Amino acid sequence: MIKVSVNGEIKEIEERLNIKQLIEALKYKQKGFAVAVNTTFVSIKDYEQTIIKDGDTIDILAPVQGG
Amino acid sequence: MNNEIWEIGGKRLTSRMLIGSALYPSPASMEEAIKESQAQIVTVALRRQSAGDGGGNNFWNIIKELNINVLPNTAGCHTAKEAITTAQMAREVFGTNWIKLEVIGDQYNLQPDPFETLKATQVLIKEGFEVFPYTTDDLVVAKRLVDAGCKILMPWGSPIGSGQGLMNPSNLKAIREKFPDINLIVDAGIGRPSDAVKAMELGYDGILLNSAIALAQDPVKMAEAFKYATKAGRLAYEAGTMQKREFASPSTPTIGTPFWHQFDK
């Protein structure tokens, strides 16, 4: 298991998960969202190639109200 | 209301009001206010949402059903790097290359950071974004942003959410005169419809506001008020206002004035 930060919360996840697998494991319900790993954007087409490493910071952002 | 067509970011629009989607008392009042405003651009944002929370879906569904242009912002970013990442994420989520670039330099008055804003602008324009930069009313910053390739500038009227109106109309006017071909939007600080009228009378192409409508006692009615104010200001600009004069000048003809008024002269 490795420790990562997902949206500011520390989580223990299996090693060598890619982004697609992480999203599935989290049971993320939001329909439209985008992902950044260590403050760098990861496009949806790169989810499967992007392997999450110990200590990574993952942000999953979804639409909200804004001015 | 008949509105002439204007262009911004490659879109042809009739409304000159850009409206925010935050701070309304309820999702229903947000939806109603946006419809009443007849705005064709609505600003939205991206935030972290917990895994089991599908709550944001409801908001996004309402916005999609309005079928108007979405302008995502980078609110909350303090560096060019954060803003660039947020813009890239927004492009994927919202399916638009428009970005309201907001890089804050001071937490107290939420003043945009001109250096980080410019840095982010240079990268985002190269990546094909249509950048709507939130900036101060500083003419030199405006010039640098235009040099970087911006076709749109959004100087503030006054700090975000302050409702103080146009703090420095002469600076806003100078930007208008310097950049006749750039789309200029007054963003932030508009508190009441008279502020919108003033911005439009200066020849600005539009206004962007949120709090003034969302925090009104009746947001839907205030959206209507701003709709007319924006239009009134634009018409006044197109009509050309009269020159101010030092002295009074009668509007009623003086020829044929009865004799008993002759000693008034």
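Computation of the quantities below employed the complete heavy-atom set of this structure, encompassing side-chain atoms and omitting hydrogens, waters and symmetry-equivalent molecules. The sequence lines fix the lettering, A, B, ..., with proteins before strands; numbering per chain opens at 1. Computed from a prediction, not measured in an experiment: that's the story for all the values here.
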Toward chain A, the part of B/Y24 with a non-hydrogen atom under 4.5 Å:
neither

Pairwise distance CG(B/L46) to CZ(A/F33) - rounded to 0.5 angstrom
12.0 Å

For the backbone of B/R48 and the side chain of A/D59, can you confirm whether one donor and one acceptor N or O come within less than 3.5 Å of each other?
no

Check whether A/I44 gets within reach of chain B through its side chain, its backbone, both or neither, counting any heavy atom under 4.5 Å.
both

Verify the neighbour count for atom CD of A/Q49: are there more than 12 heavy atoms of other residues, nucleotides or ligands below 6.0 Å?
yes

Smallest heavy-atom separation, A/V64 atom then B/Q49 atom, equals CG1-NE2, 3.2 Å

Can you establish whether the number of heavy atoms outside B/N67 located under 6.0 Å from its atom CG is more than 12?
no

Do the side chains of A/L61 and B/R47 get nearer than 4.5 Å, heavy atoms only?
no

Measure the shortest side-chain to side-chain distance between A/P63 and B/V93 over non-hydrogen atoms and say whether it is less than 4.5 angstrom.
yes

Looking at side-chain heavy atoms only, is the closest gap between A/T40 and B/Q88 below 4.5 Å?
no

Given the options B/G20, B/A45, B/P27, which has more heavy-atom pairs under 4.5 Å with chain A than any of the others?
B/A45

Hey, is CD on A/E14 packed in by over 12 heavy atoms from elsewhere, all under 6.0 Å?
no

Over 12 foreign heavy atoms within 6.0 Å of CZ, B/R192:
no

Within 6.0 angstrom of B/Q217 CD, more than 12 heavy atoms from elsewhere
no

Side-chain contact test, heavy atoms from C-beta onward, threshold under 4.5 Å: evaluate it for A/Q65 versus B/V44 and give yes or no.
no

Show the nearest heavy-atom pair for residues B/M89 and A/V35, with the distance to one decimal.
CE-C, 3.5 Å

Neighbour count >12 (heavy atoms, 6.0 Å) for atom NZ, A/K20:
no

Can you tell me which portion of B/E92 sits under 4.5 Å from chain A's heavy atoms? Options are side chain, backbone, both or neither.
side chain

Of all the heavy-atom pairs spanning B/A22 and A/G67, show the shortest one and how long it is.
CB-N, 4.2 Å

Measure A/V6 against the heavy atoms of chain B and call it side chain, backbone, both or neither at under 4.5 Å.
neither

Partner chain A: residue of B/I160, B/N210, B/L208, B/T85 with the largest heavy-atom pair count (under 4.5 Å):
B/T85

